Each structure stands twice: as C-alpha cells, then as structure tokens.
Amino acid sequence: MSAVSDRLPAFPWDKLEPYKKTAAAHPDGIVDLSVGTPVDPVPEHIQKALIAAADSPGYPTVWGTPELRDALTRWVEHRLGGRGVTHRHVLPVVGSKELVAWLPTQLGLGPGDQVAFPRLAYPTYEVGARLARAEHVAYDDPTGLDPSRLKLLWLNSPSNPTGRVLSKEELTRIVAWGREHGVLVLSDECYIELGWEADPVSVLHPDVNGGSYDGIVAVHSLSKRSNLAGYRAAFLAGDPAVLGPLLQIRKHGGMMTPAPTQAAVVAALGDDEHVRVQRERYAARRTALRDALLAHGFRIEHSEASLYLWATRDESCWDTVAHLADRGILVAPGDFYGPAGDRFVRVALTATDERVRAAVTRLTS
C-alpha cells in the first residue's frame, strides 16, 4: 500500500488544522469558509424521490436507469444547448471527485503519458495522474503545450479556485487544438450553474464544438447546484467513443451510483426552481463577503463565477490565513491549488447566512 500512497502528495488540508483550532477559539465560534461543502437543505422534492426509492434491494446498473439517462440527456440539451444527445452520450458517476481521481487509470494512461491541467487547479487532477503513474504538467494556455505525449487535457470553467470563466472563443480554440493533436479534452464544468459576472458556456455547446462531440467529454455534478454533495451524484456527457469503453471498465469495477441517488438525480434535473433559489442564497452571501473583504483591504481577482472569492492582501497566503484565523474565520490558502496561488486565499460562499453575517461583522468592525 505504501507504494501507492508514496506516489501522492501530502494531503494539504492537514496543514490547516492549527489555524482551524485558532479560529474555533473565537468567542463567537468559527466561521469556516475553507471548504466548498453545501450547508443548505436538500430540496424537499429531491428528498422525497430518494425516500421513495429507498426499498432498492437489488444491484443498480452502472449506466443507470433509462429514466436517469433520459433526465441526463434532456438536461444537457435544455441547460447546455447540446444537440442530438442520446443515452450513448451520457454516463453517471459516483461523484465527480472519484471520476477525476481515477479517470487516467481507467483510460489506460501510464508512464510516458502526460495529463495537463491549469496552473491553478483542483488538486485531484494531479492526484489522478499520479495514481496512473502518468506525468502531470500545469499550463497557462494549453495550446502552448507539446502535444506529443499529452493524452488528457483538463479544462475547468468556471474554475476552482479562481472562479475564472473561459470564453466561448477560448473554448472553441482549445477544442480545435485538442482534436488537431488527438488529445482528449475533459471539461470540468461542475460550477456552470453559478455564473455571476459571466455566463459560463459548456464544451458541449455547438458553437464550441461545431456540432460534434468527438474528442470532448464534460463533467457535471449536482453537489453544488442541488446541495447533493452527500448523495455522490455526478455524470459525464460527450464522446460515445470514450464513454462506451468507460462504461465497460466501470461495470467491471462495480462503480455504481446507488439506486436511491439515481432517483434523486432524476428529480433534481427535472426542476429549475430550486436551482434559482439556491443561486439567490449564494449571490447574497457573495455580495456580503465580497464587500466586507474589500473593506478590510483585500483585492478580489477573477471570481466571476463559482462558489469562491479569490482574494489577496499581497502577502504570503499563510500570513493571510493566520490573520483571518485570529478573527475566527478559516479560509483555504491559495498554494493548495498550485505555487501560483501562494499570495491568495480561497474564500468559500458555503456558510449559513448567520455565519456569513458573523464574518462580515468581524471583517468590518
């Protein structure tokens, strides 16, 4: 087992524990803005769908029920503008983190192959490459990479941690480059419902892909849009030539979304109103935290979408973490997401209204 664990970087969140203890000692308690985990209730109609499917003694299928696949294809067309989406174009997965971590292995990548991801990025992209024994490379512009050994190119728009959104023109250029060089483009679009000052576009939109899904796959999650992080509900959509073999591999691996979760996803994707309500909650928290951080002397960069504010005081990110921990506020240091983030912190919007008000008071008093 040590041979596998030795391939992986140190788990970054362990380094935050001393600062968490400091923040927790605040007389009014901690305001934890370090992790993007939902805190609001699962919408009632989704809970009811889960409960109605609770008597599920048999094994679920990896590909999901026909009702689930119908819900996925409808949503991709309705929400993302996809065209001609069939069951062959979709594949449920057991949460998006599992997929990101194990996709290079499932694609058969290994030594000599390269996996690329943004210079500031979700750490699990690198973990996935390491698990497969593939090389990993960070980029500013992926079209500047040497494609000779590049097998998998991760995009992330809206970005975690920065909230940056890639324009339709940028996406179109990158997809064309990937096809030209035979590089599979995986677009992590888990925050696409949470655009604030930009309207995120999917690689599945025909204006980006020219009406073809060849060489592209998008990753989507219900964790943020529907507060379903605890349900482990996500899916892939895109090139059937990629998803077909993945389905067979995942059948062998028993990677099955539980039947009650499948039923909950059908209910969640069939309703837009709960997404609108949740967006309004996050928008209000975002405005309050952004104004308070600016008043406290921070500068906010990017952050035009997603569930985070990418903030700096032009100092070491750990000095900023300590400064805020002394005020009972815990945030994530930017270097968790790559060395380029060493002067930033990521501030999550995922706290209750009461805790956000507490943070605002501490920052502005």
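Along the sequence shown, the residues carry numbers beginning at 1. If you're wondering where the values come from, they're calculated on a predicted model, not measured in any experiment.
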*How about Y337 and F344: are their ring centres within less than 6.0 Å of each other?*
no

*Just by distance, with hydrogens left out, do H89 and T73 show a side-chain donor and acceptor under 3.5 Å apart?*
no

*asked:* Can you confirm whether R173 is buried at CZ, in the sense that more than 12 heavy atoms of other residues, nucleotides or ligands lie under 6.0 Å from that atom?
replied: yes

*Side-chain H-bond candidate by donor/acceptor type, H323 with T320, under 3.5 Å*: no

_Residues R343, D314: salt bridge by 4.0 Å N-O rule_ = no

*Kindly say whether the aromatic ring centers of W196 and Y282 come within a distance under 6.0 Å.*
no

*How about R164 and W310: do any of their side-chain heavy atoms sit closer than 4.5 Å?*
no

*asked:* Just so I know, are the side chains of P333 and R346 near enough to count as touching, which here means a heavy-atom distance under 4.5 Å?
replied: no

*Quick one: do E280 and R276 make a salt bridge, cutoff under 4.0 Å?*
yes

_Minimum heavy-atom separation for T364 and V360, please, with both atom names._
OG1-O, 2.6 Å

*asked:* As an exercise, state the distance from OH of Y19 to CG of D326, rounded to the nearest 0.5 Å.
replied: 10.0 Å

*Passes salt bridge (charged side-chain N to carboxylate O under 4.0 Å, His left out), R355 versus D28? Steps please.*
CA-CA 10 Å; R355 287 290 82 188; D28 185 39; 3.2 Å; yes

*State, with a plain yes or no, whether a side-chain heavy atom of P123 is found less than 4.5 Å away from one of E126.*
no

